[in-house]
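What follows is a short report on a single structure.
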Amino acid sequence: MSTKLSLSLAALLLAFGLAVPNEGAAQKYGGTLTLGMYADLHTPDLHRTVGNPTAQMGVLVAESLVDYDEKCDIVPGLAKSWDISDDGKAYTFHLRQGVMFHNGKELTAEDVKKNYAHFLDKKTKSPRRGNFNSIKGMEVVDKYTIKFILAKPDNGFLVKFRPLVAFITHSDSFESKPPKPIGTGAFEFMEWQPKQHVKLKRFKNYWKKDAKGNQLPFVDEVVMRPILDDTVRYTSLRAGDLDWVWTVPFEQAQPIKNKPPKGITPSFKPGARWFYLNLNLNKGPLKDIRVRQAIAYAIDKQALMDGITWGIASAEAQPYYPGSTWHFKDVPDPYKEGNLDKARELLKAAGHEKGLDLVTIVRNETVILNLATLAQAQLKKVGINLKFQVMDRAAHTKRQRANDFDVNPGHLTYVPDPDGLYYRFFRVGQRNNYAKWDNAEYNKLVDDGRTESDPAKRRAIYRRALDLINQDLPHLFVGHLPIFQAARTHLKNMKTNCRGDVRWSDGGVTHAWLDK
């Protein structure tokens with residue numbers, strides 16, 4: 001986080017009267033920590049899962065070769081270090097010794113090889129398989145060293161081993177029925193009751209200690225409860241049914257400022273998760289660029305962000321948040337404040353002077369419902385009627401991957417290297433290119449970005465790639481979601497990173513304790 005951003009954050013904390021957790025209190029062991037999450041798991045199977053809720057459970061149970069720090073930069077994880085060959089075609093990871101799986105077996109290079117072979121096996125049907133397609137071979141150098149050989153240089157390869165995506169579990173749990181992941185994380189998986197809870201228990205042989213030399217974690221048990229409605233979740237926190245909540249409704253910002261609730265410790269900071277409207281240019285009326293431009297002009301992005309975050313966050317025309325390495329300061333945004341007359345003019349030219357109806361698939365989560373509802377009201381002013389089809393995560397994922405929508409509102413998360421974002425979500429042929437956008441110049445740019453090693457040239461590549469997205473509009477960037485979380489005051493040292501993750505390299509649930 002830049003100095004400027006840190007000062008802005010400090011100002012926000014003061015403005016909203018938010019307390020900073022007391023980190024000086026003595027750590028205590030024991031107790032059950034109950035987390036209120038915004039959605040349920042897709043599946044506990046960490047090689048076949050999708051979605052952030054499962055990933056948040058996953059980082060407590062299993063780990064990856066690399067980790068995120070507080071700024072969401074890549075730092076060592078299960079690998080204490082790594083080497084990259086001069087030609088960029090070989091990545092060698094040196095594992096920590098003495099790391100144990102929950103079944104009592106030590107992590108070795110052979111285990112790592114088995115994991116990525118499992119990800120790559122077509123029979124596994126892992127949604128993460130595409131992340132590792134550049135692997136040509138894997139070589140176990142010795143018990144604690146593994147080398148990945150690539151078909152061609154891939155500058156974004158290291159990021160593909162990031163936490164919340166590339167979980168390493170013991171092969172005994174690869175095909176367990178029901179799924180029960182065996183990881184090396186701070187907590188062992190106990191049970192999942194769909195739509196009710198996930199239960200985890202402390203792993204007594206966890207390899208990690210905190211900066212003071214204390215054995216981690218501190219709490220005995222973690223319970224994660226899915227509560228879809230932000231207000232209900234926050235009410236449960238205030239009632240004492242939860243110890244911490246993933247998201248607090250932004251409309252609570254002013255009440256907290258005026259009178260901080262007794263027993264509650266709020267936490268607010270800028271976030272990396274980005275809002276968007278995915279526009280399906282592959283079929284229907286949105287195949288016409290003028291209709292997509294009309295939608296962009298009809299949306300007052302700043303008003304939309306004000307509505308979602310109660311005036312806290314600004315509109316943006318790019319996926320990386322201000323202060324991050326890959327944020328560009330000079331991005332023009334003709335759509336920032338909207339232009340209804342221009343939108344009507346474009347619709348008339350496209351043959352839709354009397355308006356049109358568009359199918360909108362909406363995931364049943366409060367913040368996305370709010371985003372969709374505000375966009376619906378703005379578009380209605382120019383005769384565009386968004387017809388909602390609200391569904392759960394699984395159904396929504398199926399529909400967007402089937403390219404079965406006109407407009408798809410949502411939010412996506414931070415990826416440290418632009419290859420993992422610009423390539424994965426927008427290159428033709430990629431599973432997460434939901435609009436099925438195909439731009440030859442863009443495809444070549446992101447292909448070149450994988451092999452270009454010069455930082456300045458890579459920056460120029462992705463700057464141009466961003467211009468092409470904003471030009472063709474398969475995706476309308478809206479802004480970034482601030483992180484507004486809260487805990488009971490008896491929960492100490494519960495700090496999340498720039499993504500709001502429940503665990504990162506030196507913080508989160510593993511470093512928190514209960515003082516009650």
Side-chain angles (χ1 to χ4, degrees), residues 45-48 58-69 74-121 123-124 126 128-129 131-151 153-154 157-176 180-189 202-210 213 215-217 503-506 510:
D45 187 334
L46 298 181
H47 281 200
R48 294 180 174 91
V59 291
L60 297 176
V61 173
E63 298 165 299
S64 308
L65 290 176
V66 299
D67 208 346
Y68 281 140
D69 67 6
I74 293 294
V75 294
L78 291 176
K80 61 183 180 181
S81 63
W82 51 84
D83 306 309
I84 305 172
S85 64
D86 291 340
D87 64 3
K89 292 184 178 181
Y91 285 68
T92 303
F93 292 89
H94 307 281
L95 304 181
R96 300 179 189 277
Q97 298 184 24
V99 174
M100 308 303 292
F101 284 104
H102 300 155
N103 60 4
K105 298 178 181 178
E106 186 184 15
L107 171 73
T108 68
E110 193 63 48
D111 292 307
V112 175
K113 182 179 179 179
K114 287 179 182 178
N115 269 261
Y116 294 105
H118 191 247
F119 274 115
L120 284 165
D121 189 341
K123 294 180 182 178
T124 303
S126 173
R128 307 298 185 187
R129 181 173 177 269
N131 288 8
F132 308 106
N133 278 342
S134 57
I135 296 175
K136 184 179 179 181
M138 292 180 281
E139 177 186 339
V140 174
V141 179
D142 59 40
K143 187 176 181 180
Y144 303 109
T145 310
I146 184 168
K147 179 187 289 187
F148 291 84
I149 299 108
L150 311 185
D154 182 356
F157 187 67
L158 185 64
V159 177
K160 293 168 184 175
F161 293 105
R162 66 190 183 276
L164 298 103
V165 171
F167 293 111
I168 291 176
T169 56
H170 195 272
S171 56
D172 287 353
S173 65
F174 284 176
E175 305 300 331
S176 58
K180 186 175 182 180
I182 300 172
T184 60
F187 295 91
E188 296 182 53
F189 180 88
R202 183 178 188 269
F203 179 43
K204 63 181 180 181
N205 293 320
Y206 185 48
W207 63 273
K208 200 167 190 177
K209 296 182 179 180
D210 69 7
Q215 179 65 47
L216 299 173
R503 189 207 66 78
W504 47 281
S505 62
D506 297 304
T510 53

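Position 1 is the first residue of the sequence, and the numbers go up from there. We use all heavy atoms of the structure for the numbers below, so side chains are in, but hydrogens, waters and symmetry mates are not.
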Practice task
Take W504 and V59, measure what side chain to side chain contact (heavy atoms under 4.5 Å, CB included) needs, and give me the verdict at the end.
Solution key: CA-CA 8 Å; W504 47 281; V59 291; over 6 Å; no
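Side-chain contact annotation: D121 with T124, donor-acceptor N/O pair under 3.5 Å absent.
Put simply, the side chain of S81 reaches to within 4.5 Å of the side chain of H94, judged on heavy atoms. Residues F167 and P181 form no side-chain contact, since every pair of their non-hydrogen atoms from C-beta on lies 4.5 Å or further apart. When side chains are defined from C-beta on, F189 does not count as touching L60, because their heavy atoms never get closer than 4.5 Å. Residues K160 and Y116 form no side-chain contact, since every pair of their non-hydrogen atoms from C-beta on lies 4.5 Å or further apart.
Of the inter-residue distances, the one linking D45 atom CG with T169 atom OG1 reads 8.0 Å to the nearest 0.5 angstrom. Note that CZ of R129 and NE2 of H47 are 14.5 Å apart. Values are rounded to the nearest 0.5 Å. Taken from CD1 in I74 to OG in S64, the straight-line distance is 9.0 Å, to the nearest 0.5 Å. Of the inter-residue distances, the one linking L46 atom CG with I168 atom CD1 reads 11.5 Å to the nearest 0.5 angstrom. Rounded to the nearest 0.5 angstrom, L150 CG and K89 NZ are separated by 9.0 Å. With values rounded to the nearest 0.5 angstrom, E139 atom CD is found 8.5 Å from K113 atom NZ.
Aromatic ring pairs are classed by plane angle as parallel below 30°, tilted from 30° to 60° and perpendicular above 60°; the pair H170 and F101 is perpendicular.
Within 6.0 Å of atom CG in D87, more than 12 heavy atoms from other residues, nucleotides or ligands are found, so the atom counts as buried in its surroundings. Surrounding NZ of K208 are more than 12 heavy atoms belonging to other residues, nucleotides or ligands, all under 6.0 Å away.
Across every non-hydrogen atom of S173 and S176, the tightest pair is O-OG, 3.2 Å. Closest approach of D154 and S134 over heavy atoms only: OD2-OG, 3.3 Å. L95 and L65 get closest at one heavy-atom pair: CD2-CD2, 3.7 Å.
Just one of H102, E63, Q215, E188 meets the side chain to side chain donor-acceptor pair (under 3.5 Å) condition when paired with Y206; it is E63. Among the candidates Y91, W82, F148, the single residue satisfying the ring pair (Phe, Tyr, Trp, His ring centres under 6.0 Å) test with F161 is F148.
Listed by chain and residue number, F203 satisfy the side-chain contact (heavy atoms from CB on, under 4.5 Å) test with N205 (two or more places apart in sequence, or in another chain). Under the salt bridge (charged side-chain N to carboxylate O under 4.0 Å, His left out) criterion, D83 pairs with no residue at all, not counting sequence neighbours. For F187, there are no ring pair (Phe, Tyr, Trp, His ring centres under 6.0 Å) partners, not counting sequence neighbours. Not counting sequence neighbours, S126 has no partner by the side-chain hydrogen bond (donor to acceptor under 3.5 Å, both in side chains) test. With sequence neighbours left out, the side-chain contact (heavy atoms from CB on, under 4.5 Å) criterion links V99 to L78, R96, L107, T184, W207. The side-chain contact (heavy atoms from CB on, under 4.5 Å) search around E175 returns R48, H118, not counting sequence neighbours.
Look at R503 and D67 and you find a salt bridge, because one of the NZ, NE, NH1 or NH2 atoms lies within 4.0 Å of a carboxylate O, short of that distance. The pair D111-K105 does not count as a salt bridge, with every side-chain nitrogen at least 4.0 angstrom from each carboxylate oxygen.
Side-chain N or O atoms of R128 include none that pairs as donor or acceptor with a backbone N or O of A166 at under 3.5 Å.
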